[in-house]
Amino acid sequence: MIADKDYEGSEKREYPRVSYPVADKPRLKIGKKKYEVIDISQRGLRFLKNEKGMLPQHVNGKLTLLCGESFSIEGSLIWEQDDDFALYLKNIIPETLIQKEKSYVQQNHPF
């Protein structure tokens with residue numbers, strides 16, 4: 001698991017996260033708008049709302065990871081805090097893809 005460098009303690013999540021560096025983030029496209037992804041897991045993702053306006057409760061979009069993989073996502077907004085939003089995915093991201101992304105981030109953005 002790639003964690004925030006200031007994080008201390010054990011990971012208690014069912015699906016471990018891949019967290020991204022400030023300078024390089026995957027993109028989530030919802031309609032014509034693009035958002036920076038903060039972290040992902042097999043079951044969800046957290047992203048920054050960088051434009052004004054409301055987001056729908058149910059989201060369909062396209063996620064493009066740093067490793068070059070892109071795929072369609074569908075999910076529900078489960079919380080928002082300031083400009084951070086969490087999306088619970090209807091279908092899980094395959095573990096092999098999470099591992100590929102994790103390896104890419106570790107090799108190209110060591111903490």
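Along the sequence shown, the residues carry numbers beginning at 1.
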(message) If I take atom CD from residue E95 and atom NZ from residue K102, how far apart are they, to the nearest 0.5 angstrom?
(response) 9.5 Å

Less than 3.5 Å apart, which donor and acceptor atoms pair up between the side chains of residues 26-38 and the rest of the protein, not counting sequence neighbours?
| residue | atom | partner | partner atom | Å |
| --- | --- | --- | --- | --- |
| R27 | NH1 | E36 | OE2 | 3.2 |

(request) Applying side chain to side chain contact (heavy atoms under 4.5 Å, CB included), run through V18 and V105 and close with a yes or a no. (result) CA-CA 8 Å; V18 177; V105 173; 4.3 Å; yes

(request) Find the distance between CD1 (I92) and OG (S41) and round it off to the nearest 0.5 Å. (result) 9.5 Å

Could you pull out all donor-acceptor pairs under 3.5 Å where a side-chain atom in residues 70-91 meets a protein atom, sequence neighbours excluded?
| residue | atom | partner | partner atom | Å |
| --- | --- | --- | --- | --- |
| S70 | OG | T64 | OG1 | 3.1 |
| E74 | OE2 | H58 | NE2 | 2.9 |
| D84 | OD2 | R46 | NH1 | 2.9 |
| Y88 | OH | R43 | NE | 3.1 |

(request) Identify the residue among K25, H109, E101 that makes a side chain to side chain donor-acceptor pair (under 3.5 Å) with Y20. (result) E101

(request) Quick one: pull up CD1 in I93 and CD1 in I40 and give me the separation to the nearest 0.5 Å. (result) 4.5 Å

